[in-house]
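Just below is one structure, and these are the notes that go with it.
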2 protein chains.
Amino acid sequence: MEALRADMFEEICPSTLLPFRIGPDKWAALVIRCLEDGPRRFSELRVPLARVTPKVLTQSLRALERDGFVRRTEVTAPVRRVTYELTDLGRGLLAQLYVLCNWTAEHWDDLLDARES
Amino acid sequence: MEALRADMFEEICPSTLLPFRIGPDKWAALVIRCLEDGPRRFSELRVPLARVTPKVLTQSLRALERDGFVRRTEVTAPVRRVTYELTDLGRGLLAQLYVLCNWTAEHWDDLLDARES
DNA sequence: CAGAATCCAACAAGATACTG
DNA sequence: CAGTATCTTGTTGGATTCTG
């Protein structure tokens, strides 16, 4: 049993980046799941994410784009059309979220029990 | 390619609970990792988590306890001593975080590249 | 259609000081 | 030792309205 080292915050490391990236962005995981079956337009995303305002949805998408999980494509003719789709990196992240999701589903009862007492 | 269903928020489901639980609590993932090698006292946890104030650390531990990931044990004699340790559920969650961590480490360069451009 | 602008509320987190 | 108690700050997120 090794001792705890001092200060885990000296630099960003893999164990902290993802929780910090996915964590603060309340809707990121859900947005990614909405893109799992292929490219979607902004207005399409607004259907399942009806409770998310356009501003917040845009923020979330932009952040995901910045981090390389999502690719944004815009065409102006004949009509304006913007689609979002997962990159390879995004699909990899989606797979990880699925792992987490499956684990949660398996332990769902335990989680609910803990909350009650 | 199936269509997106309306409103993903009708009820809490496994795909949302964990991001919502681990997400909002900024330090939860780090706290769990600090407990990976066995029970720790409050003051021991404060060493690697030096940048977290006692108030916030307490909040985090209490929330993790409430959700069944951590068990708190208090003894008063001969001296006061409070230890925190992972439950089975907590160890399971730790394993999931490791999966996520390993994936992040593998794609570390991609993530950094994306942030730069 | 796909957002941008503005303003505001909520809550998490930090600083500091104190206690059973 | 293991926290509490206050107070303050800062960062999302939300509501609403408007636009190229």
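Letters go in sequence order (proteins before strands), and every chain restarts at 1. What you see is a predicted model, and the numbers here were worked out from it, not measured in a lab.
For the residue pair Leu86(B) and Leu94(B), the shortest heavy atom distance occurs at CD1-CD2, 4.0 Å. The two residues Val31(B) and Ser60(B) have their closest heavy-atom pair at CG2-OG, 4.1 Å. A pairwise comparison of heavy atoms in Leu45(B) and Cys34(B) identifies CD2-CB, 3.7 Å as the closest pair.
A search for side-chain contact (heavy atoms from CB on, under 4.5 Å) contacts involving Thr73(B) returns Arg71(B), Thr83(B), Glu85(B), not counting sequence neighbours. Every side-chain contact (heavy atoms from CB on, under 4.5 Å) that Ser43(B) has, sequence neighbours left out, goes to Arg41(B). With sequence neighbours excluded, no residue forms a salt bridge (charged side-chain N to carboxylate O under 4.0 Å, His left out) with Arg46(A). Residues forming a salt bridge (charged side-chain N to carboxylate O under 4.0 Å, His left out) with Arg80(A) (at least two apart in sequence, or on another chain): Glu74(A).
Under a 4.5 Å side-chain heavy-atom cut-off, the cluster of Ile, Leu, Val, Met, Phe, Trp and Tyr residues that includes Val79(A) has no other member.
Put simply, CG on Leu49(A) is 14 Å from P on dA2(C), counting in whole angstrom units. In this structure, Tyr84(B) atom OH and dC1(D) atom P are separated by 14 Å, rounded to whole Å. One can place CD of Gln59(A) at 18 Å from P of dA2(C), the figure rounded to the nearest angstrom. In this structure, the CD atom of Glu65(A) is 14 Å from the C1' atom of dA2(C), given to the nearest Å. In this structure, CG of Leu61(B) is placed 15 Å from C1' of dA13(C), rounded to the nearest angstrom. Atom CH2 of Trp27(A) is separated from atom P of dG13(D) by 8 Å (rounded to the nearest Å). The distance from atom CG of Leu57(A) to atom P of dC1(C) is 14 Å, rounded to the nearest whole Å. Rounded to a whole Å, the CZ atom of Arg46(A) is 11 Å from the C1' atom of dC1(C).
Interface residues of residues 72-82 of chain A facing DNA chain D, ordered by number: Arg80(A); criterion, heavy-atom separation under 4.0 Å.
Between Arg62(A) and dG3(C), a side-chain N or O to OP1/OP2 separation shorter than 4.0 Å is present. Between Thr53(A) and dA15(D), a side-chain N or O to OP1/OP2 separation shorter than 4.0 Å is absent.
Counting only residues at least two apart or on different chains, the salt bridge (Lys or Arg N to Asp or Glu O under 4.0 Å) pairs with a member in residues 86-109 of chain B are Asp88(B)-Arg91(B).
For the helix from dC1(C)-dG20(D) to dG20(C)-dC1(D), the terminal axes (five pairs an end, C1' atoms, rotation from four pairs onto the next four) enclose an angle of 60°, given to 10 degrees.
Projected onto DNA chain D by closest heavy-atom contact, Lys55(B) and Arg41(B) fall at different nucleotides, the more 5' of which corresponds to Arg41(B). With the nearest nucleotide of DNA chain C identified for both Ser43(A) and Val56(B), Ser43(A) has the one nearer the 5' end.
Taking every side-chain heavy atom of Phe42(A) into account, dG3(C) is the closest of dT16(D), dG3(C), dG3(D).
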